[in-house]
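Since the structure comes first, as structure tokens, the remarks are kept for the end.
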Amino acid sequence: MRAVQFDRYGAPDVLYVAERPVPEPGPGQVRIAVEAVSVGHAQTQMRREVFPAPMWKPVFPVVLGGDVVGRITAVGPDVAGLSPGDRVGAFTLYGAYAEQVVVDAATVVPVPEELDAAEAAVLPGTGLIALGILRTGRLSKGETVLVHAAAGGVGHIAVQLARAAGAGQIIGTAGEAGKREFARTVGADAVVDHRSPHWAEEVRELTGGRGPDLILDGIGAEVLQQGIGLLAPGGRLVFYGSSGGELEIPRVSVMDLIGIKYVTAFALSAWRGGRPHEYEAGVAELTRLLVDGQVKSAVHARLPLERAAEAHTILESRAQLGRVVLIP
């Protein structure tokens, strides 16, 4: 089978197509014929050797992972409830930039036949992250939400989910004018440029001086630090990634924490493993919203495997509106 791999860290051009054996599923695993696989900032960080997760222990050559949609072609031992031919989605850390991939059966979610594969690739990972960070932030109806990177893969879904959940004012951030307009089209009431030195003041003005009740932060670094100081009394900030590339959290002033503020973090694997019933309910809810059209996954580009380097370049240039997807 064809796969995209790399055998050294570096720029997007280290990615290349190679022939690899079709993988066989082991105990608790299934093999999926890939219809579509998402490309995310985490994968670009892995390629550059800046990905912080401790489970990232690559053995070269590496085939990167992502959110996969496809049909099961083989089932390993000790797997119940899944059969060849089932249309499913899954997130995997390795092996997804390929025509077939083996994943843990525990990560598999059903994908309805009526969903387009590239759009459905939001379901097993990115969309559930958007839903999970809103659940972790305990959004209440009428509250003000600030969604960073509101034109990105997680952000544009989070904006729509916040609207569906009854949020009051939804403020997004995005760096480019086109991205800010896109964020408005998916439901943001106002969008500011988080690269501006005055972005926090702009958000405070938009909230009448009070600040947002909930901040969803996938950028980190200085943006996270400023966000803590920006929160309304009783406000919550949920950190879920560092797409800005900075892996260290700057020092937070004690004064920024005064006012009953809550700062927490979210990881999809922890949600799935630690609160399985809540996770399963989230899968069902997101699936329903996608099928009903209440939430729509924007696909910026659909590229063949051999253009994986181009997909990474799009993400690193911050040019995407929604998601970038590879189609084997």
Side-chain angles (χ1 to χ4, degrees), residues 67 89 109 112 115 119-174 180 182-192 203 206-208 210-219 227 230-241 260-268 270-272 274-298 321-323:
D67 300 329
V109 299
L115 290 181
E119 295 174 7
V122 75
L123 181 56
T126 304
L128 289 175
I129 291 172
L131 183 64
I133 55 180
L134 280 167
R135 292 280 180 83
T136 301
R138 302 192 181 280
L139 174 66
S140 296
K141 287 186 178 181
E143 287 191 316
T144 296
V145 184
L146 173 63
V147 181
H148 283 299
V154 174
H156 86 287
I157 299 296
V159 168
Q160 296 175 71
L161 289 172
R163 180 64 69 206
Q169 186 181 28
I170 301 175
I171 303 170
T173 73
R180 293 194 289 276
F182 172 73
R184 293 186 185 93
T185 66
V186 297
D189 298 302
V191 189
V192 302
V203 171
L206 287 167
T207 61
R210 184 174 182 273
D213 300 293
L214 175 61
I215 298 177
L216 307 179
D217 186 349
I219 299 176
L230 185 60
L231 283 169
R236 294 87 62 203
L237 185 150
V238 182
F239 172 71
Y240 66 93
I260 318 176
K261 299 178 180 180
Y262 304 86
V263 180
T264 189
F266 176 86
L268 182 59
W271 192 36
R272 182 173 57 237
R275 297 183 175 180
H277 296 301
E278 185 178 303
Y279 166 81
E280 290 167 8
V283 171
E285 179 182 352
L286 181 60
T287 301
R288 176 183 60 79
L289 291 170
L290 288 168
V291 170
D292 291 348
Q294 292 179 260
V295 170
K296 297 181 179 181
S297 173
L321 302 177
R323 315 199 74 208

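We number each residue from 1, following the sequence as shown. FYI, side chains are in, hydrogens and waters are out, and symmetry mates aren't considered; it's all heavy atoms of this structure.
Classification of the Phe182-His156 ring pair by plane angle, with boundaries at 30° and 60°, yields tilted.
Between Leu115 and Leu290, the closest side-chain pair of non-hydrogen atoms falls below 4.5 Å. Residues Thr173 and Val191 form no side-chain contact, since every pair of their non-hydrogen atoms from C-beta on lies 4.5 Å or further apart. Arg135 places a side-chain heavy atom less than 4.5 Å from the side chain of Glu278. Annotation: side chain of Val295 is in contact with side chain of Leu161 (closest heavy-atom distance under 4.5 Å). Between Val145 and Leu139 there is a side-chain heavy-atom pair separated by less than 4.5 Å. Counting heavy atoms from C-beta on, the side chains of Ile215 and Leu231 come closer than 4.5 Å.
With values rounded to the nearest 0.5 angstrom, Ile157 atom CD1 is found 11.5 Å from Lys296 atom NZ. Here the CG atom belonging to Leu286 is positioned 11.5 Å from the CD1 atom belonging to Ile129, to the nearest 0.5 angstrom. Between the CG atom of Leu131 and the CG atom of Leu289 there is a distance of 8.0 Å, given to the nearest 0.5 Å. Note: Ile133 CD1 to Leu237 CG = 10.0 Å, rounded to the nearest 0.5 Å. Taken from CG in Asp189 to CG in Leu206, the straight-line distance is 9.5 Å, to the nearest 0.5 Å.
Listed here is the closest heavy atom pair of Pro124 and Ala121: CD-O, 3.5 Å. Closest non-hydrogen pair, Val159 versus Gly187, comes out as CG1-C, 3.6 Å. Minimum heavy-atom separation, Gly172 to Ala150: CA-CB, 3.8 Å. Residues Gly211 and Ala232 approach most closely at O-CB, 3.4 Å, considering heavy atoms. The two residues Ala158 and Leu134 have their closest heavy-atom pair at O-CD1, 3.8 Å.
Between the side chain of Gln160 and the backbone N or O of Gly155 there is no donor-acceptor pair closer than 3.5 Å. For Thr136 (side chain) and Gly132 (main-chain N/O), a donor-acceptor pair under 3.5 Å exists by modelled atom type. Judged by distance alone, with hydrogens and angles left aside, the side-chain atoms of Asp292 form no donor-acceptor pair with the main-chain N or O of Gln294 at under 3.5 Å. The backbone N or O of Gly168 lies less than 3.5 Å from a partner atom in the side chain of Arg163, making a donor-acceptor pair.
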List the steps, then state whether side-chain contact (heavy atoms from CB on, under 4.5 Å) holds for Asp67 with Val122.
CA-CA 7 Å; Asp67 300 329; Val122 75; over 6 Å; no

For Leu216 and Leu146, what are the C-alpha separation, side-chain angles and deciding distance, and is it a side-chain contact (heavy atoms from CB on, under 4.5 Å)?
CA-CA 6 Å; Leu216 307 179; Leu146 173 63; over 6 Å; no

Report the C-alpha separation of Ile171 and Gln169 in whole Å, then their side-chain angles, then the decisive distance to 0.1 Å, and conclude whether the side-chain contact (heavy atoms from CB on, under 4.5 Å) test is met.
CA-CA 6 Å; Ile171 303 170; Gln169 186 181 28; 4.0 Å; yes

Kindly determine whether Val192 and Val203 satisfy side-chain contact (heavy atoms from CB on, under 4.5 Å), including the steps that lead there.
CA-CA 7 Å; Val192 302; Val203 171; 3.9 Å; yes

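Using modelled atom types, one finds no donor on one side chain facing an acceptor on the other under 3.5 Å when comparing Arg323 with Ser297.
Enclosure of atom CZ in Arg275 is not indicated, since only 12 or fewer non-hydrogen atoms of other residues, nucleotides or ligands lie within 6.0 angstrom.
A salt bridge links Glu143 to Arg236: one of the charged nitrogens lies within less than 4.0 Å of a carboxylate oxygen. A salt bridge does not link Asp213 to Arg138: none of the charged side-chain nitrogens sits closer than 4.0 Å to a carboxylate oxygen.
When Tyr279, Trp271, Tyr240 are each tested for a ring pair (Phe, Tyr, Trp, His ring centres under 6.0 Å) with Phe266, only one passes: Trp271.
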